[in-house]
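So the structure is just underneath, and the comments pick up after that.
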Amino acid sequence: MPSPPLVPDDGPIDIAHLKRMTLGDAGLEREVLAMFAGQAVRLIEALAALPADAAELAHTLNGSARAIGAFKVAEAAEAFEASLRDGGEASQALAALRRAIAEARQAIDAALRRS
């Protein structure tokens, strides 16, 4: 299977990627989208406090986001993780991650309402 683009241009969730990952099972798509939305909220709340394991939490979010096709969230999580590991200013990267999650959650909420 070919690799997906790093950041697709079709919105906050790459639906084609999600369909491939769930083998076209609409029920599973809804389930993983809802799970990701909940996880993203919990993780961004935890990350706001910059805990000792913040880089690991960001890495977890990155992997989860890539799995469902939320590539903008994944890229923002990766940038936040890098800023923490490099000792850089994390506040701007955290704000970008927060915006990417909010955009993805809007798309997820809309998708779940349609189904």
Side-chain angles (χ1 to χ4, degrees):
M1 175 177 355
S3 296
L6 290 178
V7 182
D9 294 328
D10 61 343
I13 305 293
D14 182 336
I15 300 301
H17 177 77
L18 176 63
K19 286 186 182 305
R20 282 191 305 274
M21 296 303 288
T22 58
L23 303 175
D25 182 329
L28 183 57
E29 288 173 24
R30 287 188 301 278
E31 185 177 340
V32 297
L33 286 174
M35 287 173 46
F36 175 76
Q39 179 191 46
V41 167
R42 288 189 302 278
L43 289 176
I44 197 66
E45 288 173 359
L47 289 170
L50 293 176
D53 64 344
E56 291 80 11
L57 295 175
H59 188 79
T60 297
L61 182 57
N62 179 355
S64 296
R66 287 189 191 285
I68 68 150
F71 296 114
K72 291 177 184 176
V73 172
E75 293 296 322
E78 186 175 344
F80 178 67
E81 181 183 358
S83 74
L84 293 171
R85 293 199 191 279
D86 297 341
E89 176 54 46
S91 64
Q92 287 182 336
L94 181 61
L97 178 56
R98 191 179 300 275
R99 285 189 303 273
I101 289 171
E103 187 177 304
R105 292 229 27 240
Q106 283 182 326
I108 289 168
D109 290 346
L112 294 176
R113 280 192 304 272
R114 284 191 303 268
S115 60

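Just so it is clear, the model here is predicted, and its values are computed rather than measured. Numbers for residues simply follow the sequence, beginning at 1.
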What heavy-atom pair brings A100 and K72 nearest, and what distance separates the two atoms?
-> CB-O, 3.9 Å

Is there a path of hydrophobic side-chain contacts, each under 4.5 Å between heavy atoms of I, L, V, M, F, W or Y residues, that connects M35 with I13?
-> no

Is the closest side-chain heavy-atom distance between L61 and I101 below 4.5 Å?
-> yes

For S91, check side chain to side chain donor-acceptor pair (under 3.5 Å) against everything at least two apart and list the hits.
-> E89

Residue pairs, two or more places apart or on separate chains, that pass salt bridge (Lys or Arg N to Asp or Glu O under 4.0 Å) and touch residues 44-56 = none

When rounded to the nearest 0.5 angstrom, what distance separates CZ in R20 from CG in D14?
-> 6.0 Å

Worked verdict on L33 versus L18 for side chain to side chain contact (heavy atoms under 4.5 Å, CB included) = CA-CA 9 Å; L33 286 174; L18 176 63; 3.8 Å; yes

Do F36 and L28 share a hydrophobic cluster (ILVMFWY, side-chain heavy atoms under 4.5 Å, transitive)?
-> yes

Taking only residues two or more places apart in sequence or in another chain, which ones pass salt bridge (Lys or Arg N to Asp or Glu O under 4.0 Å) with R99?
-> none

Residue pair I108 / L112, side-chain heavy-atom distance below 4.5 Å = yes

Shortest non-hydrogen pair, L57 vs L47, comes out as CB-CD2, 3.8 Å

Name every donor-acceptor pair, under 3.5 Å, that has one atom in a side chain of residues 76-88 and the other anywhere in the protein, sequence neighbours excluded.
unit_1: E78; atom_1: OE1; unit_2: R66; atom_2: NH2; d: 2.9
unit_1: E81; atom_1: OE1; unit_2: H59; atom_2: ND1; d: 3.2
unit_1: E81; atom_1: OE2; unit_2: H59; atom_2: ND1; d: 3.4
unit_1: E81; atom_1: OE2; unit_2: R85; atom_2: NE; d: 3.2
unit_1: E81; atom_1: OE2; unit_2: R85; atom_2: NH2; d: 3.1
unit_1: S83; atom_1: OG; unit_2: F80; atom_2: O; d: 2.7

Which pairs, with at least one residue in residues 28-37 and sequence neighbours excluded, count as a salt bridge (Lys or Arg N to Asp or Glu O under 4.0 Å)?
-> K19-E29

Sequence neighbours excluded, the answer for side chain to side chain donor-acceptor pair (under 3.5 Å) partners of Q39 is S64

Does V41 share a hydrophobic cluster with V73, counting links as ILVMFWY side-chain heavy atoms below 4.5 Å and allowing steps through other members?
-> no

